[in-house]
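The first residue of the sequence shown is numbered 1, and numbering continues consecutively from there. On a predicted model such as this, the values are computed, not experimentally measured, just so you know.
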Amino acid sequence: MSISTKYDPAETEDKWYSYWLSKKFFHSEPDEREPYTIVIPPPNVTGVLHMGHMLNNTIQDVMIRRARMQGKNACWVPGTDHASIATEAKVVAMLKERGISKKDLTREEFMAYAWEWKEKYGGIILDQLKKLGASCDWDRTRFTMEEDLSESVIDCFIDLYKKGKIYRGIRMVNWDPAGKTAVSDEEVIRKEVNQKLYYIKYSIAPATGADTEFLTIATTRPETIMADAAICINPNDERYTHLKGKKVFVPLINREIPIIEDEYVTMDFGTGCLKVTPAHDLNDYELGVKHKLPVIDILNDDGTLNELAVILVGEDRFVARKKIAVLLDEAGHLEKIEDYKSQVGFSERTDAAIEPKLSLQWFCKMDEMAKPALADVLNGDVKLIPEKFVNTYRHWMENVRDWNISRQLWWGQRIPAWFDDKGDWVVAKTKEDALNEFLKLKDIDGKFTEEEANGFKHQLSAFIRQDDDVLDTWFSSWLWPMSVFNGLKDPGNKDINYYYPTNDLVTAPEILFFWVARMIMAGHEFMGKKPFTNVYLTGIVRDKLGRKMSKSLGNSPDPIGLIGKYGADGVRVGMLLCSPAGNDLMFDESYCEQGRNFANKIWNAFRLVKGWEVDETLANPNAQAILWFENRFNEALAEIEDNYKQYRLSEALMTTYKLVWDDFCAWYLEMVKPVYQHPIDPVSLKATIGFFEKILSLLHPFMPFITEELWHDEIFGVKGEMDCIIVAPYPVAGSADIALLKDVEVVKGIVAEVRNIRNTKQISPKEGLPLSVKVNSSLAYDKWLTIISKLANITEVDFVSDKVSGASGFMVGNDEFFIQLNETIDVDAERERLNGELVYLQGFLKSVDAKLSNERFVQNAKPEIIQNERNKKADAEAKVKIIQESLLSL
């Protein structure tokens with residue numbers, strides 16, 4: 001095929017992605033091959049592609065494409081999460097635009113609108129992933145609220161309830177007033193907030209006019225004083241010993257509350273007195289339970305004050321805070337206000353400030369389920385990459401709390417609990433099952449006749465109602481590695497038996513506990529084994545200033561826009577070049593430009609090779625160059641494979657990048673390319689095409705589009721419709737001749753030094769130069785002179801036993817080189833240069849000697865490392881001797 005002068009990603013990407021889809025290259029079915037399975041962290045159905053998704057899915061695609069080329073049965077399962085809170089908020093907003101309020105709809109009507117929204121917008125992010133080149137098995141796309149997966153969630157709930165691991169009770173929860181639902185601890189984002197610390201005076205009972213004594217407390221939340229149940233002092237605080245057993249009046253509402261003692265109070269914070277508000281603070285709640293205090297909840301679900309507040313009823317909590325400060329000041333109860341910084345929790349979904357709230361909720365017991373999940377990570381059965389996250393994981397799991405799994409929403413899997421008109425309840429999958437469960441409660445002895453039983457159920461049917469709450473979204477996604485293969489609905493089916501446990505999970509550290517850990521728990525609970533073997537934890541994508549990317553900062557580029565500008569391959573390379581595992585990625589658009597330039601470099605290198613004419617009669621003059629690159633490729637591939645094994649994908653890409661750009665393009669092609677407008681010999685051309693083929697295979701996981709495009713050029717032979725690089729064999733490393741590779745580094749050093757002299761002396765590359773060599777090493781120069789002469793444009797080489805006076809000289813290794821330029825040498829400048837090199841080498845020797853004289857280093861370092869240091873010392877000493885001789889000759 002003819003090849004254009006410039007690579008155009010726009011022409012290539014859609015063409016090959018459509019082709020891969022049409023030929024089912026992404027699809028997987030169980031067979032005799034080794035499976036390699038990844039399940040996608042399901043993005044929210046509300047989501048659009050952002051930079052974090054780009055990084056996460058690029059990594060997954062690299063891993064799945066490589067496994068596919070290695071002959072494994074690669075299966076990457078895509079899907080989306082129904083995201084209860086976020087989706088319900090989107091639907092409510094959509095309804096508001098249409099002039100409809102959720103409260104005016106029945107649940108069924110609202111759900112119809114929600115499904116309408118999902119069908120219209122829910123697949124956007126998956127379509128965007130296709131632009132990135134994600135080779136997911138789209139035939140297996142799942143959605144956490146589709147019928148089969150929802151049924152698995154309900155079955156899981158019922159199973160855990162029957163085992164006694166799910167219960168219903170009143171507990172302090174994180175309440176999201178904007179979403180009007182409880183959220184888990186992990187969905188609360190802690191932020192440092194500038195606040196005010198209000199010093200409020202409580203009058204001590206009995207209050208008698210002018211003799212009234214006050215007790216001052218400091219609080220950031222004056223709007224909650226109406227919910228106070230006590231004032232607490234530390235029993236060891238001598239300032240307040242006289243107040244033991246007394247009472248105070250709550251300002252403005254004059255309700256009497258006791259003064260209690262507890263060592264929980266920190267004496268040196270604020271005034272050393274603590275207002276205890278059990279309904280609105282977790283620690284206060286525990287104090288209240290301990291001291292049997294009343295619980296007064298003054299907040300409505302939307303964060304406004306209710307009737308129990310007595311004053312400011314109906315006001316928003318933050319409006320009430322400002323107003324009550326004024327009222328306290330006017331009544332003489334506000335001593336002072338100070339600026340204060342503290343951590344405040346915000347809802348991850350709505351960004352509303354969280355309210356601690358006592359609420360009747362469903363909970364899942366975590367302590368027993370956490371044990372095997374913790375053991376998996378500690379014993380290495382599940383490997384966290386990088387390992388630095390193991391301690392964080394251990395801390396979470398050793399301090400695990402019961403999981404609040406109910407949410408006060410309509411979008412989601414509805415909790416399978418049913419209530420009668422008396423407040424009794426049962427857990428059952430369907431209404432009919434619930435009626436039978438209620439019958440068991442009523443007919444304990446089983447003496448009802450069939451007619452009596454039917455009559456009871458018929459009568460109860462009119463009153464029975466299902467719980468209005470839905471399950472936490474994570475209660476469905478913790479089943480993801482099993483439910484995507486219908487492992488819970490159809491245990492033992494061929495897919496679950498073949499693909500489970502999966503191999504690798506790629507996700508973000510911030511969901512290590514409330515998704516990764518819970519999946520491991522669920523795997524043991526329902527399958528009896530872990531769900532995956534390796535967890536690759538990516539870093540956060542930040543801008544070049546280190547700021548987390550966000551819409552509000554305006555520092556997050558549009559991923560699809562980047563793909564349009566730099567091509568998918570360029571963006572993929574750009575993302576991976578700066579993304580070491582577990583460390584934050586400092587993204588700069590210039591990385592994508594670098595990726596695009598790399599694609600152009602590959603394209604131009606291919607054009608060069610394709611443009612060569614072959615002369616079948618020519619002998620091969622490039623045997624050493626071919627031998628070198630074959631060994632260099634094997635050396636680089638071994639390093640790349642080692643990086644893959646350690647999940648250092650950024651390093652694997654960088655090694656590949658250098659192999660292609662430096663070794664292949666800058667050195668090998670220059671070594672073998674024929675003189676301008678001259679033909680090449682057949683052996684060199686065949687070897688070069690073979691190397692290019694291997695390079696494309698090595699690059700394909702990183703750069704799928706350009707590699708597939710070039711793969712089908714006739715230079716690589718006629719390809720059948722299924723002979724695509726996506727399923728071509730991945731290269732396998734052979735042995736590498738290390739001595740040969742070291743020799744070539746010397747050759748490259750010689751060429752670089754000659755080129756440097758040309759630049760310094762402003763000598764044209766076309767002007768041939770003579771080279772004299774004083775050999776102090778065992779390098780077989782006869783093997784390399786052809787390459788040296790070609791790349792450095794050397795006209796003649798002679799070997800000398802003494803230094804060449806008046807010539808420009810340099811050293812590579814221990815050997816000395818001289819170029820006679822027929823010009824007077826600047827002795828002072830040359831002496832200065834040599835002295836500079838001598839100072840550097842003497843400093844280097846000092847550092848090496850320090851290492852070798854360090855007993856701890858010598859005892860603990862590997863023998864090969866110690867020997868390497870000794871080799872460095874010997875080389876440096878030889879160079880010092882040569883430089884000193886050169887200085888003497890000057």
Next on the checklist: Cation-pi check for Trp20 against Arg65: NZ or CZ below 6.0 Å from the six-membered ring centre and within 45 degrees of the axis, yes or no?
Outcome noted: yes

Next on the checklist: Whether the Ser777 and Asp815 side chains hold a donor-acceptor pair (N or O, under 3.5 Å, no angle test) is what I'd like checked.
Outcome noted: yes

Checklist entry - Distance only, no hydrogens: is a donor on one side chain within 3.5 Å (strictly under) of an acceptor on the other, for Asn56 and Gln60? => result yes

Extract all donor-acceptor atom pairs below 3.5 Å that involve side chains of residues 655-665 and protein atoms in other chains or at least two apart in sequence.
{"from": "Thr655", "atom 1": "OG1", "to": "Glu639", "atom 2": "OE2", "distance (Å)": "3.1"}
{"from": "Thr655", "atom 1": "OG1", "to": "Glu651", "atom 2": "O", "distance (Å)": "3.0"}
{"from": "Thr656", "atom 1": "OG1", "to": "Ala652", "atom 2": "O", "distance (Å)": "2.8"}
{"from": "Tyr657", "atom 1": "OH", "to": "Gln594", "atom 2": "NE2", "distance (Å)": "3.3"}
{"from": "Asp663", "atom 1": "OD1", "to": "Lys748", "atom 2": "NZ", "distance (Å)": "3.4"}
{"from": "Asp663", "atom 1": "OD2", "to": "Arg632", "atom 2": "NE", "distance (Å)": "2.7"}
{"from": "Asp663", "atom 1": "OD2", "to": "Arg632", "atom 2": "NH2", "distance (Å)": "3.2"}

Checklist entry - Tell me, do Ile626 and Asn620 make a side-chain contact under 4.5 Å, heavy atoms counted? => result yes

Checklist entry - Taking the six-membered ring for Trp, are the ring centroids of Phe606 and Phe716 within less than 6.0 Å of each other? => result yes

Next on the checklist: Taking the ring of Tyr591 and the ring of Phe598, is the distance between their centroids below 6.0 Å?
Outcome noted: no

Checklist entry - So with a 6.0 Å cut-off around CD of Gln70, is the heavy-atom count from everything else above 12? => result yes

Checklist entry - Considering only heavy atoms from C-beta outward, does the side chain of Leu685 approach that of Ile689 to under 4.5 Å? => result yes

Next on the checklist: My understanding is that only one of Trp603, Trp16, Tyr7 makes a side-chain hydrogen bond (donor to acceptor under 3.5 Å, both in side chains) with Glu709; could you say which?
Outcome noted: Trp16

Next on the checklist: Can you tell me if Lys601 has over 12 outside heavy atoms packed within less than 6.0 Å of its NZ?
Outcome noted: yes

Checklist entry - For Gln646 and Asp642, does a side-chain donor sit closer than 3.5 Å to a side-chain acceptor? => result yes

Checklist entry - Below 4.5 Å, heavy atoms only, C-beta onward: do Trp667 and Val744 meet side chain to side chain? => result no

Next on the checklist: Measuring only between side-chain heavy atoms, which start at C-beta, is Cys724 closer than 4.5 Å to Glu708?
Outcome noted: yes

Checklist entry - Is the side chain of Arg870 donor-acceptor paired with the backbone N or O of Leu852 at a distance under 3.5 Å, no angle test? => result no

Item to check | Arg596 bridged to Asp569 by N-O distance under 4.0 Å | outcome: no

Checklist entry - So among Asp504, Asn503, Thr58, Asn534, which one has a side chain to side chain contact (heavy atoms under 4.5 Å, CB included) with Met63? => result Asp504

Checklist entry - Any cation-pi pair here, Arg66 with Tyr730, using under 6.0 Å and within 45°? => result yes

Item to check | Residues in side chain to side chain contact (heavy atoms under 4.5 Å, CB included) contact with Leu608, at least two apart in sequence or another chain | outcome: Trp612, Leu669

Checklist entry - Less than 4.5 Å apart, any side-chain heavy atom of Pro704 and any of Arg572? => result yes

Next on the checklist: Could you check whether any side-chain heavy atom of Val727 comes within less than 4.5 Å of a side-chain heavy atom of Met722, counting everything from C-beta outward?
Outcome noted: no

Checklist entry - Charged N to carboxylate O below 4.0 Å: is that the case for Asp743 and Lys783? => result no

